[in-house]
Amino acid sequence: MKDSIKVFAPATVANVVCGFDVLGFAVNAPGDEVVMRKVEKPGITITKITGDDGRLPLDATKNTVSASVKHYLDHIGQPDLGIEIELHKKMPIGSGLGSSSASTVAGLFAINNLLDQPLTQQELVPFAMKGEELACGYGHADNVAPALLGGFVLIRSYEPLEIICLPHPESLYCAIIFPEVDVPTRDARQMIRQKVFLKDAVTQWGNIAGLVSGLFLKDIDLIGRSMKDILVEPVRSILIPDFYKMREMAMESGAISFGISGSGPSVFAFTKTEADASFITQKIAKHLASLQIKSQTYVSPINDNGPIILN
Ligand code: HSE
């Protein structure tokens, strides 16, 4: 049995435009790294956090990584196991790319592997949801499930939790642009309307079903046509600089779809080629720079692996 482990877990795009809280997929980069060690001294300690500009708590009861590992250890009957955690943030916080999810998932994957995998990846999801609850007030699974399981996932039901791994066309590329403005998920959730009109709900569930059908049929045009959100995007897009201009630029440059990643401010486009995705990220980053807004960009296929051990 190992005494220490280093794990990478990927960023994720939640909602996938029309599927608020029920759809998400993982990308290859960015992501976070966790180094975990078993030690004699009982209890969980966070020894180091890098890459967070001092924004994340070192207090093990408040940090999402240690708090979810604690839930896990209580569950498997080893509440006093001595664990030291280093968290290396390799992705922006508050970006809408599942930053807390990547850290939490890396931690849970690390502890489960240090203990020779008493739980399956699917069984780790509820513990990762506890981390999301701590981070934003609600334990949504559309970042943590794809970060843990890889690929494209559907949360068919929260109570009871039922997660379905979906197929996807191999050739789908994702262009991500993170405009450097802070949008905390907690705030972005509070601004959403709690009631919707039936006719809007009909449009929305038609699109979700269309997107899932497109993934199964590997029909890229159907996927693109279905990625429309009339419930959440009109409200949240207000927080994102030049959202509709960015959409126009992406769509005229070969994107099949464009929308907010998770709760924003990151946006993403699906394309049919890596070259289109690179072109779109460069074009939009240049546009944001002309507005004095810094941005970070990523291009990735859908990541089917989820977390990986680095050492
Ligand atoms: N489904 C969540 C939300 C994802 O939109 O609030 C957060 O990244």
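When a ligand or atom number is given, it counts from 1 through the structure's own listing order. Because the structure is predicted, anything quoted here is derived from the model rather than measured.
Between E180 and K294, none of the side-chain N atoms (NZ, or NE/NH1/NH2) sits under 4.0 Å from a carboxylate O, so this pair counts as no salt bridge. A salt bridge does not link R225 with D221: every distance from a Lys NZ or Arg NE/NH1/NH2 to an Asp or Glu carboxylate oxygen is 4.0 Å or more.
If you look at R236 next to ligand 1, the close heavy atoms, those under 4.0 Å, all belong to the side chain. With a 4.0 Å heavy-atom cut-off, ligand 1 is reached by the side chain of D142 but not by its N, CA, C or O. Residue-level proximity to ligand 1 for F20 is carried by the side chain, the only part with a heavy atom below 4.0 angstrom.
S266 and S261 share no side-chain donor-acceptor pair at under 3.5 Å. Between the side chains of S101 and E132, not a single donor N or O lies within less than 3.5 Å of an accepting N or O.
Ligand 1 has at least one atom lying under 4.0 Å from a heavy atom of S263.
Considering I192, D229, L231 as possible partners of F20, the one that fulfils the side-chain contact (heavy atoms from CB on, under 4.5 Å) test is I192.
Residue H140 approaches ligand 1 through these ligand atoms, each under 4.0 Å from one of its heavy atoms: 2 (C), 4 (C), 7 (C). For ligand 1, the atoms closer than 4.0 angstrom to any heavy atom of D21 are 1 (N), 2 (C), 3 (C). Shown in contact with N15 at under 4.0 Å from a heavy atom are these atoms of ligand 1, numbered in order with element: 1 (N), 2 (C), 3 (C), 5 (O). Atoms of ligand 1 found under 4.0 Å from any heavy atom of A14 (numbered from 1 in listed order, with element): 4 (C).
When only non-hydrogen protein atoms are considered, atom 8 (O) of ligand 1 lies nearest to N143 OD1, 3.0 Å. In terms of protein heavy-atom proximity, atom 3 (C) of ligand 1 is nearest to R189 NH1, 3.3 Å.
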- For the pair F216 and F152, evaluate ring-ring contact (aromatic ring centres under 6.0 Å, His included) and give the outcome as yes or no after the intermediate values. CA-CA 11 Å; F216 272 96; F152 225 113; over 10 Å; no
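Proximity of T45 to V39: side-chain heavy atoms (C-beta onward) are nowhere separated by under 4.5 Å.
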